[in-house]
Amino acid sequence: MRNKLIAYLGILGVSLFAIAAIVGPLLIEDYSVVSQYISESFAVDTRYGTYLQYLGYVPSGILLTMYCFSAPKKIPSSKLVVAGFFGLALFYGLGTTLVGLFPCDAGCPTDVMDSSLAQLIHNAVASLTYIFFPICLMGIGLGLKKSENYNRLSQIAIVTGIISGIFIFALFSNPESGYRGILQRIIETCFIVFIVSSALRIKEGSEGRSAK
């Protein structure tokens with residue numbers, strides 16, 4: 001039962017994030033998912049930004065933090081696996097919470113001189129999240145490689161880590177790119193794919209033991 005609860009924490013966490021990321025742009029006229037950051041949908045000047053923050057991103061971050069701290073107890077653990085999940089808890093889980101609590105200014109500018117304190121915190125947390133995210137995924141993937149029953153999850157972690165790393169590099173190389181919205185959404189999709197895959201694997205392990 002505890003395995004299922006942990007699995008549901010992860011699935012609910014990414015579901016809230018995905019719903020907020022989909023609904024937010026629909027509430028803003030002329031918003032472009034291709035050229036605008038997700039954060040621009042709940043920036044300080046947006047009409048429904050507060051709802052997206054406190055009903056979407058903040059609870060999502062809290063749930064993901066709980067999930068990532070709990071997950072290593074339910075899969076074959078190694079130093080790499082534990083470090084990877086704890087890194088995701090700190091940089092992605094808590095990072096999502098902080099990004100939700102400190103929305104960016106209108107247009108989410110990257111120029112430090114034109115930014116408010118909330119914008120500076122927002123950008124710093126987002127940057128740290130994206131720097132460490134692929135490293136954490138790769139660590140988990142390599143740590144699970146020796147576990148026969150977790151080969152598929154290991155492969156998913158490594159592949160999503162590589163893909164996200166490539167697109168993060170592209171985003172950092174040109175943060176004002178006309179395709180920054182798409183780049184960011186591919187990165188976030190990598191995270192969702194891994195979390196859902198790991199959560200389902202943990203739930204599967206619980207059902208397997210129940211059947212014995």
Side-chain angles (χ1 to χ4, degrees), residues 1-23 38 52-102 125-126 128-145 147 149-161 163-165 168 184-210:
M1 185 67 177
R2 184 171 170 76
N3 284 44
K4 287 185 178 181
L5 177 60
I6 291 172
Y8 292 145
L9 285 175
I11 292 171
L12 181 57
V14 293
S15 296
L16 285 175
F17 185 96
I19 291 169
I22 292 169
V23 171
I38 294 171
L52 293 172
Q53 285 174 256
Y54 294 104
L55 296 178
Y57 297 109
V58 172
S60 168
I62 293 170
L63 291 170
L64 289 171
T65 301
M66 294 168 64
Y67 171 76
C68 290
F69 274 134
S70 302
K73 301 172 186 175
K74 300 302 175 182
I75 60 177
S77 288
S78 68
K79 289 181 179 179
L80 279 175
V81 171
V82 173
F85 270 108
F86 279 22
L88 289 180
L90 293 172
F91 294 109
Y92 221 106
L94 289 178
T96 299
T97 303
L98 288 172
V99 162
L101 291 172
F102 296 96
V125 171
L128 284 173
T129 296
Y130 282 173
I131 287 169
F132 287 100
F133 169 49
I135 297 172
C136 292
L137 282 186
M138 293 294 290
I140 294 169
L142 294 173
L144 289 173
K145 252 191 153 184
S147 303
N149 295 330
Y150 286 79
N151 275 340
R152 181 170 173 74
L153 184 58
S154 170
Q155 291 168 359
I156 290 172
I158 291 172
V159 170
T160 51
I163 293 173
S164 63
I168 288 168
Q184 186 185 29
R185 283 165 175 80
I186 292 172
I187 296 164
E188 300 295 347
T189 299
C190 287
F191 179 71
I192 291 172
V193 167
F194 171 73
I195 292 297
V196 170
S197 299
S198 61
L200 291 177
R201 184 64 186 83
I202 288 173
K203 183 173 179 289
E204 180 186 314
S206 171
E207 291 173 347
R209 278 195 296 275
S210 300

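For the single chain, residues carry numbers from 1 onward in sequence order. Quick note: numbers below take in every heavy atom, side chains included, and nothing from hydrogens, waters or symmetry partners.
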Engineer: Give the C-alpha distance, both sets of side-chain angles, the deciding distance and a yes or no for side chain to side chain contact (heavy atoms under 4.5 Å, CB included) between Thr97 and Leu64.
Structural biologist: CA-CA 9 Å; Thr97 303; Leu64 289 171; over 6 Å; no
Engineer: Distance from Arg185 atom CZ to Ile192 atom CD1, nearest 0.5 Å?
Structural biologist: 11.0 Å
Engineer: Give the minimum heavy-atom separation between Leu88 and Cys68, together with the two atoms involved.
Structural biologist: CB-SG, 3.8 Å
Engineer: Restricting to non-hydrogen atoms, name the atom on Ala89 and the atom on Thr65 that form the minimum distance, rounded to 0.1 Å.
Structural biologist: O-OG1, 3.6 Å
Engineer: Grab the two heavy atoms, one from Cys190 and one from Ile163, that are nearest each other, plus how far apart they are.
Structural biologist: SG-CG2, 3.6 Å
Engineer: Sequence neighbours excluded, which residues qualify as side chain to side chain contact (heavy atoms under 4.5 Å, CB included) partners of Ser197?
Structural biologist: Leu153, Ile156, Val193
Engineer: If I take atom CD1 from residue Ile186 and atom CD1 from residue Ile168, how far apart are they, to the nearest 0.5 angstrom?
Structural biologist: 11.5 Å
Engineer: Starting at CG of Leu16, measure out to OG1 of Thr96 and round the result to the nearest 0.5 Å.
Structural biologist: 11.5 Å
Engineer: What distance do Met138 atom CE and Thr160 atom OG1 have between them, rounded to the nearest 0.5 Å?
Structural biologist: 9.0 Å
Engineer: Does Tyr150 have any side chain to side chain donor-acceptor pair (under 3.5 Å) partners at least two apart in sequence or in another chain, and if so, which?
Structural biologist: none
Engineer: Can you list the residues that meet the side chain to side chain contact (heavy atoms under 4.5 Å, CB included) rule with Phe86, with sequence neighbours excluded?
Structural biologist: Phe69, Pro72, Val82
Engineer: Could you pull out all donor-acceptor pairs under 3.5 Å where a side-chain atom in residues 128-137 meets a protein atom, sequence neighbours excluded?
Structural biologist:
{"from": "Thr129", "atom 1": "OG1", "to": "Phe91", "atom 2": "O", "distance (Å)": "2.5"}
{"from": "Thr129", "atom 1": "OG1", "to": "Val125", "atom 2": "O", "distance (Å)": "2.9"}
{"from": "Tyr130", "atom 1": "OH", "to": "Gln184", "atom 2": "NE2", "distance (Å)": "3.3"}
{"from": "Tyr130", "atom 1": "OH", "to": "Glu188", "atom 2": "OE2", "distance (Å)": "2.5"}

Engineer: Sequence neighbours excluded, which residues qualify as side chain to side chain contact (heavy atoms under 4.5 Å, CB included) partners of Ile19?
Structural biologist: Val23
Engineer: Roughly how far, to the nearest 0.5 Å, is CD1 of Ile6 from CE of Met66?
Structural biologist: 9.5 Å
Engineer: Please set out all donor-acceptor pairs under 3.5 angstrom arising from side-chain atoms of residues 53-63, sequence neighbours excluded.
Structural biologist:
{"from": "Gln53", "atom 1": "NE2", "to": "Gly100", "atom 2": "O", "distance (Å)": "2.6"}
{"from": "Tyr57", "atom 1": "OH", "to": "Ala21", "atom 2": "N", "distance (Å)": "3.3"}
{"from": "Ser60", "atom 1": "OG", "to": "Gly13", "atom 2": "O", "distance (Å)": "2.7"}

Engineer: Locate the shortest heavy-atom distance separating Asn149 from Arg201; write the atom from each residue and the value.
Structural biologist: O-NH2, 3.1 Å
Engineer: How close do Ser154 and Leu144 get, heavy atom to heavy atom, and via which atoms?
Structural biologist: CB-CB, 3.9 Å
Engineer: Between Lys74 and Arg2, is there a side-chain heavy-atom distance shorter than 4.5 Å?
Structural biologist: yes
Engineer: Is there a donor-acceptor pair closer than 3.5 Å between any side-chain N or O of Ser77 and the backbone N or O of Lys73?
Structural biologist: no
Engineer: Go through the structure and list residues passing side chain to side chain donor-acceptor pair (under 3.5 Å) with Ser198, not counting sequence neighbours.
Structural biologist: Tyr67
Engineer: Of all residues at least two apart in sequence or in a different chain, which pass the side chain to side chain contact (heavy atoms under 4.5 Å, CB included) check with Leu142?
Structural biologist: Leu80, Lys145, Ile158
Engineer: Return the minimal non-hydrogen interatomic distance between Leu52 and Ala20, and the atom names on each side.
Structural biologist: CD2-O, 3.9 Å
Engineer: Might you work through the side chain to side chain contact (heavy atoms under 4.5 Å, CB included) test for Phe191 and Ile187, ending with a clear yes or no?
Structural biologist: CA-CA 7 Å; Phe191 179 71; Ile187 296 164; over 6 Å; no
